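Below is one structure; the comments refer to it alone.
The analysis underlying the following values was restricted to heavy atoms, covering all of them including side chains, and did not include hydrogens, waters or symmetry mates. Just so we're clear, the structure is a prediction, and the values are computed from it rather than from any experiment.
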Amino acid sequence: MTDLTLMTSASDPASVLPSLALLSHRVRVLPMDAASLVKMPENTILFLDARDDLAMAKTLCRLVQATGLSTPIMLILTEGGFTVVNPQWGVADVVVTSASPAEVEGRLRMIADGGTRQMTAPLPGDQPAQRDADGHIRSGDLVVDTDGYTASLHGRPIDLAYKEFELLKYLILHPNRVFTRAQLLQEVWGYDYYGGTRTVDVHIRRLRAKLGGEYEHMIGTVRNVGYRFDPPEPPAEQETHEPESDDGDAEGRRASRRANDAAQASEGHAASADTKTK
């Protein structure tokens with residue numbers, strides 16, 4: 001028996017993919033919104049109802065990628081929806097709402113056995129940040145020293161508590177990736193921490209305050225999901241023009257000076273001749 005999650009906004013979930021009711025799988029129904037992503041168990045296959053709201057379905061698919069979840073997605077479509085789905089959606093498979101029980105079961109088996117590759121295109125900026133030889137991670141004017149457990153902005157040190165540093169380090173190491181509060185709690189505080197996810201919110205707020213108004217936006221909030229590190233945009237390359245040679249201008253100035261000297265000399269000779277005549 002496979003654990004399945006159906007995410008839909010339909011008033012009658014059984015009408016989304018009727019064949020599911022004829023199969024012996026456990027089906028959990030959740031609302032079709034970002035908040036539902038954190039309610040899914042780890043080992044589930046997500047059936048996403050994209051029949052009536054393709055835009056929302058695509059947003060949720062991208063959020064699953066951004067949060068790093070390995071949950072395979074089966075997209076439920078009408079026949080017309082096939083024209084817009086592409087690898088950018090990051091789904092494992094697609095199925096029409098009228099699919100037979102045998103077809104749905106076969107597709108589920110392929111996903112469960114790893115026979116269907118997830119059609120995933122890499123997210124922009126999804127590469128992990130790189131440390132230099134000194135253990136420094138740089139993101140614009142922000143520098144995190146992973147060996148010295150220090151951070152600086154514009155060359156000035158930031159006074160961070162230990163967990164604040166660990167949280168900033170973890171986020172900057174995974175730029176543009178969305179983490180739920182539970183994920184951050186697990187990765188930064190560890191499995192043996194018994195506090196609630198409110199701790200993450202408090203530390204994020206402190207980090208933003210210490211980064212200051214100009215840089216607090218680098219720690220972004222994804223509503224109803226969690227947080228991500230948004231690295232600053234690289235400065236736009238400015239076109240450089242070769243300076244025009246000033247040889248011509250210099251030559252012109254020298255010619256002008258020679259002409260002036262010649263004119264002054266001529267005036268001097270003329271004045272001398274007048275004096276002798278007198």
Side-chain angles (χ1 to χ4, degrees), residues 33-40 42 59-60 62-71 90 122-238 240:
D33 54 41
S36 296
L37 295 179
V38 300
K39 300 175 183 176
M40 295 189 306
E42 292 184 8
T59 297
L60 292 173
R62 298 292 282 169
L63 274 176
V64 169
Q65 292 183 67
T67 53
L69 296 174
S70 58
T71 305
L123 291 171
D126 199 28
Q127 298 300 318
Q130 299 297 319
R131 313 182 201 199
D132 61 20
D134 297 326
H136 294 168
I137 308 169
R138 303 178 188 276
S139 184
D141 295 316
L142 177 63
V143 179
V144 173
D145 181 355
T146 59
D147 294 335
Y149 284 84
T150 60
S152 62
L153 187 60
H154 287 306
R156 294 187 295 271
I158 308 173
D159 184 18
L160 297 178
Y162 176 73
K163 284 302 181 185
E164 292 169 356
F165 174 82
E166 287 292 315
L167 180 58
L168 177 61
K169 181 181 75 172
Y170 189 78
L171 289 171
I172 198 175
L173 278 171
H174 304 87
N176 297 312
R177 180 172 168 182
V178 182
F179 292 98
T180 66
R181 291 167 178 83
Q183 285 176 310
L184 291 173
L185 199 65
Q186 173 182 309
E187 296 295 336
V188 177
W189 278 264
Y191 290 96
D192 56 348
Y193 182 78
Y194 294 102
T197 55
R198 180 67 177 167
T199 300
V200 177
D201 296 328
V202 171
H203 281 71
I204 289 288
R205 189 163 58 248
R206 290 175 182 169
L207 269 180
R208 285 173 172 163
K210 292 181 179 182
L211 289 173
E214 186 180 356
Y215 290 91
E216 64 179 1
H217 68 275
M218 294 173 74
I219 301 179
T221 300
V222 179
R223 190 175 180 183
N224 294 326
V225 180
Y227 301 101
R228 71 180 173 203
F229 182 81
D230 295 319
E233 293 290 335
E237 294 185 2
Q238 297 181 350
T240 56

What do the steps show when you test His174 against Phe229 for ring-ring contact (aromatic ring centres under 6.0 Å, His included), and what is the final call? CA-CA 7 Å; His174 304 87; Phe229 182 81; over 10 Å; no

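- Here Arg206 contributes atom CZ and Leu160 contributes atom CG; the two are 11.5 Å apart, rounded to the nearest 0.5 Å.
- Among Asp145, Val143, Asp141, the single residue meeting the side chain to side chain contact (heavy atoms under 4.5 Å, CB included) criterion with Ser152 is Val143.
- Ile172 and Ser139 make their closest contact through CD1-CB, 3.8 Å (heavy atoms, listed as atom of the first residue, atom of the second, distance).
- Here the CG-CG distance, from Leu207 to Leu171, works out to 7.5 Å after rounding to the nearest 0.5 Å.
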Passes side chain to side chain contact (heavy atoms under 4.5 Å, CB included), Ile204 versus Leu168? Steps please. CA-CA 9 Å; Ile204 289 288; Leu168 177 61; over 6 Å; no

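- Here Lys210 does not pair with Asp159 in a salt bridge; the nearest charged N to carboxylate O distance is not below 4.0 Å.
- No side-chain heavy atom of Gln65 sits under 4.5 Å from any side-chain heavy atom of Val178.
- Between His203 and Trp189, the ring-plane angle classifies as perpendicular under the 30° and 60° cut-offs.
- Contact of the Leu142 side chain with the Ile137 side chain is not registered, since no non-hydrogen atoms from C-beta on lie closer than 4.5 Å.
- In this structure, His217 has no ring pair (Phe, Tyr, Trp, His ring centres under 6.0 Å) partners at least two apart in sequence or on a different chain.
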Would you please test His136 and Val144 for side chain to side chain contact (heavy atoms under 4.5 Å, CB included) and show each step? CA-CA 6 Å; His136 294 168; Val144 173; over 6 Å; no

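- Put simply, the side chain of Asp33 gets close to the backbone of Ser36: a donor and an acceptor are under 3.5 Å apart.
- A donor-acceptor pair under 3.5 Å links the side-chain atoms of Gln183 to the main chain of Thr180, judged by distance alone.
- Across every non-hydrogen atom of Val64 and Thr71, the tightest pair is CG1-O, 4.1 Å.
- Annotation for Arg181 and Val200: closest pair O-CG2, 3.7 Å, computed over non-hydrogen atoms.
- Salt bridge annotation for Lys169-Glu166: present, with a cationic side-chain nitrogen under 4.0 angstrom from a carboxylate oxygen.
- A donor-acceptor pair under 3.5 Å is absent between the side-chain atoms of Arg228 and the main chain of Phe179, judged by distance alone.
- Annotation for Pro231 and Asn176: closest pair CD-OD1, 3.5 Å, computed over non-hydrogen atoms.
- Between Leu153 and Leu211, the closest heavy-atom pair is CD2-O, 3.5 Å.
- Of all non-hydrogen atoms in Gly135 and Thr146, the two that sit nearest each other are O-OG1, 2.7 Å.
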Determine whether Leu167 and Leu184 satisfy the following criterion, side chain to side chain contact (heavy atoms under 4.5 Å, CB included), listing intermediate values before the conclusion. CA-CA 8 Å; Leu167 180 58; Leu184 291 173; 4.1 Å; yes

